Chemist: 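First, the structure itself, so that you have it in front of you.
Because the structure is a prediction, the values reported are computed rather than measured.
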Amino acid sequence: MKKFLLLPVLLLSVSAAFAQTTYKYHFNNNLHDAGGAGPDLIASCTAAYNIEALPIGFSKNVFQFDKGCGLTFDDAAGGFLASGSYTIEMYVKLDTVQGYTKFIDYDARTSDKGFYNQSGKIALYPHFTSDSIISGGTYFYLGLTRYATTKNMYIYVGNHTVGSYTDTGNEYVYDTHKTLVFFIDDSITRHEDVTGAVAMLHISNYAMDSLAIENNYSNLSGTLTVPNTIARNGDISIYPNPAAEFTNITISAPAAYVLRDLTGKAIQNGIFLSGSNKLDLSRISAGMYLLHVSGSDGSTGVYKIVRE
């Protein structure tokens, strides 16, 4: 690959003429949009989840990707990004930043162009490369916006704008396949893959301004904190929570459970029977814990429990 430098362009605010919507993928043991409206992401390998302690102060499930393993957002049926305006945000970790890693492919992996890591720099190949800004083994927030009317694009790492580009050739909108492919190289170069993990991927059908990006970055902890209830596994209740020595778990069917601390270490495990169960918290220290529940039908849920 060759590197090209780019001069900054003026940031303009453009009002979208359509409903502004965000699909939110948080990888809590699934590839669903948290709001239920968006399509499931498609993994190019067996989906692998793991509890990791995040730098923003708590642990949660993340999707781990190996070399050659990526995620696809298939928009062919919905046309969610058909206007050409979008914002893509991710909270991601690359185990190494040496060489190239393709964050986003727009052409069903048939073209070398795309959104990359280039040895710690952020690149819209072949047109723009930032200064060195990211390192391996550490989660970072990455944002990319595009305005359909002006074709202006802006790149963010954390709450900082690190570059901009005017996409007059419409190179960074998806092609006729209407897919975005994440974390896997195209079939042209083939070898630009690394291992890593992603804790959050948000896809919006409008271009956010820099203030919205800054707010989203600042509120990552609140966005990703595991809720007490999960809509897709709504047949469980936990009360009281926070709790002192015991909390009551009411569940509609038998399920296995593991209680973990925020580092991911298993504290205790067992089986909940159908109906009311008492979970003993008397032997653990005050703080927040994550209760992982797995039903015999394959359903899973992660719930936060606070020990007073």
Chemist: In sequence, state the C-alpha distance, the side-chain angles, and the governing distance for Leu124 and Ile155, and then conclude on side-chain contact (heavy atoms from CB on, under 4.5 Å).
Modeler: CA-CA 9 Å; Leu124 273 173; Ile155 304 166; 3.9 Å; yes

Chemist: What heavy-atom pair brings Ala255 and Gly295 nearest, and what distance separates the two atoms?
Modeler: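 Looks like CB-CA, 4.1 Å.
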
Chemist: Any side-chain to backbone donor/acceptor pair from Asp193 onto Lys67? Under 3.5 Å, distance only.
Modeler: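 Pair absent, no side-chain N/O of Asp193 close to backbone of Lys67.
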
Chemist: Any side-chain heavy-atom pair from Thr166 and Tyr147 closer than 4.5 angstrom?
Modeler: no

Chemist: Determine whether Leu281 and Glu308 satisfy the following criterion, side-chain contact (heavy atoms from CB on, under 4.5 Å), listing intermediate values before the conclusion.
Modeler: CA-CA 9 Å; Leu281 305 177; Glu308 292 180 323; over 6 Å; no

Chemist: Take atom OH in Tyr239; do more than 12 heavy atoms of anything else shown fall under 6.0 Å from it?
Modeler: no

Chemist: Answer yes if Tyr49 and Ile184 sit in the same cluster of Ile, Leu, Val, Met, Phe, Trp and Tyr residues linked by side chain heavy atoms under 4.5 Å apart, and no otherwise.
Modeler: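 No, separate clusters.
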
Chemist: What distance do Leu291 atom CG and Arg260 atom CZ have between them, rounded to the nearest 0.5 Å?
Modeler: 10.5 Å

Chemist: Find out whether Asn216 and Met208 are in side-chain contact, i.e. whether some heavy atom of one side chain is under 4.5 Å from a heavy atom of the other.
Modeler: yes

Chemist: Using a 4.5 Å cut-off on heavy atoms from C-beta on, say whether the side chain of Leu259 contacts that of His292.
Modeler: no

Chemist: Taking the side chain as everything from C-beta on, heavy atoms only, tell me whether Tyr106 gets closer than 4.5 Å to Val181.
Modeler: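 Not touching, per the 4.5 Å side-chain cut-off.
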
Chemist: With clusters defined by side-chain heavy atoms of hydrophobic residues (ILVMFWY) lying less than 4.5 Å apart, directly or transitively, does Val258 cluster with Met288?
Modeler: no

Chemist: How many angstroms lie between CG in Leu41 and NE2 in His32, if you round to the nearest 0.5 Å?
Modeler: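 The CG atom of Leu41 sits 10.5 Å away from the NE2 atom of His32.
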
Chemist: May I have the list of side-chain donor-acceptor pairs in residues 68-75 shorter than 3.5 Å, sequence neighbours left out?
Modeler:
from, atom 1, to, atom 2, distance (Å)
Asp74, OD1, Ala76, N, 3.0
Asp75, OD1, Gly79, N, 3.3
Asp75, OD1, Phe80, N, 2.8
Asp75, OD2, Phe80, N, 2.8
Asp75, OD2, Leu81, N, 2.8
Asp75, OD2, Tyr174, OH, 2.7

Chemist: What residue pairs, at least two apart or across chains, pass salt bridge (charged side-chain N to carboxylate O under 4.0 Å, His left out) with a residue in residues 99-111?
Modeler: Lys102-Asp105, Lys102-Asp186, Asp107-Lys113

Chemist: If you take all heavy atoms of Ala207 and Thr87, which pair is closest and at what distance?
Modeler: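 Of all heavy-atom pairs spanning Ala207 and Thr87, the closest is CA-OG1, 3.3 Å.
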
Chemist: Students often mix this up, so state it plainly: with edges at 30° and 60°, are the rings of Tyr25 and Tyr23 parallel, tilted or perpendicular?
Modeler: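 Perpendicular: the ring planes of Tyr25 and Tyr23 meet at over 60°.
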
Chemist: Under 4.5 Å between side-chain heavy atoms, hopping through other hydrophobics if needed: is there a path connecting Val97 to Val162?
Modeler: yes

Chemist: Starting from the C-alpha separation in whole Å, work towards a yes-or-no answer on salt bridge (Lys or Arg N to Asp or Glu O under 4.0 Å) for Asp167 and Arg146.
Modeler: CA-CA 8 Å; Asp167 183 29; Arg146 184 183 189 277; 3.0 Å; yes

Chemist: Find out if a path of hydrophobic residues (ILVMFWY) with successive side-chain heavy-atom gaps under 4.5 Å connects Val293 to Ile267.
Modeler: yes

Chemist: Hey, could you give me each pair passing ring-ring contact (aromatic ring centres under 6.0 Å, His included) that has a residue in residues 247-285? Not counting sequence neighbours.
Modeler: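 Sorted pair list: Tyr257-Phe272.
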
Chemist: For Ser204 and Thr22, test the side chains for any donor-to-acceptor distance below 3.5 angstrom and give the result as yes or no.
Modeler: yes

Chemist: Between Glu89 and Tyr141, do the side chains contain a donor N or O and an acceptor N or O under 3.5 Å apart?
Modeler: yes

Chemist: Do His202 and Ile88 come close enough that some side-chain heavy atom pair is under 4.5 Å?
Modeler: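 Counting from C-beta outward, His202 and Ile88 never come under 4.5 Å.
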
Chemist: Between the side chains of His177 and Asp175, does any donor sit under 3.5 Å from an acceptor?
Modeler: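 Distance-only check passes for His177 and Asp175.
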
Chemist: Working to the nearest 0.5 Å, report the span between CD1 of Ile104 and CG of Leu201.
Modeler: 8.0 Å

Chemist: Using 0.5 Å steps for rounding, measure from the CG atom of Asn205 to the OG1 atom of Thr21.
Modeler: 4.5 Å

Chemist: Is it true that the side chains of Glu214 and His160 contain a donor and an acceptor less than 3.5 Å apart?
Modeler: no

Chemist: In terms of the angle between their ring planes, are Tyr116 and Tyr125 parallel, tilted or perpendicular, with boundaries placed at 30° and 60°?
Modeler: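 Tyr116 vs Tyr125 ring planes: perpendicular.
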
Chemist: Mind checking whether Phe63 and Phe182 have side chains closer than 4.5 Å, heavy atoms only?
Modeler: no

Chemist: Mind checking the OG-CG spacing from Ser135 to Asn117? Nearest 0.5 Å is all I need.
Modeler: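 That separation rounds to 10.5 Å.
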
Chemist: With Thr250, which residues qualify under side chain to side chain contact (heavy atoms under 4.5 Å, CB included), at least two apart?
Modeler: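 Residues passing side chain to side chain contact (heavy atoms under 4.5 Å, CB included) with Thr250: Ser237, Ser276.
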
Chemist: Is there a donor-acceptor contact under 3.5 Å linking the side chains of Thr189 and Asp185?
Modeler: yes

Chemist: Once side chain to side chain donor-acceptor pair (under 3.5 Å) is applied, do any residues pair with Asn159, and if so which ones, sequence neighbours excluded?
Modeler: none

Chemist: Could you state the interatomic distance from CG (Leu279) to CD1 (Ile284), rounded to the nearest 0.5 Å?
Modeler: 7.5 Å

Chemist: How about CZ on Phe103, more than 12 heavy atoms from neighbouring residues, nucleotides or ligands closer than 6.0 Å, or not?
Modeler: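 Atom CZ in Phe103 is packed in, count exceeds 12.
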
Chemist: Would you say the side chain of Ile122 lies within less than 4.5 Å of the side chain of Val157, judging by non-hydrogen atoms?
Modeler: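 Answer yes - side chains close enough.
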
Chemist: Do Lys60 and Leu224 come close enough that some side-chain heavy atom pair is under 4.5 Å?
Modeler: yes

Chemist: Tell me, please, which residues at least two apart from Glu52 pass side chain to side chain contact (heavy atoms under 4.5 Å, CB included).
Modeler: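 Glu52: side chain to side chain contact (heavy atoms under 4.5 Å, CB included) contacts with Asn50, Val62, Gln64, Lys93, Tyr139, Ala197.
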
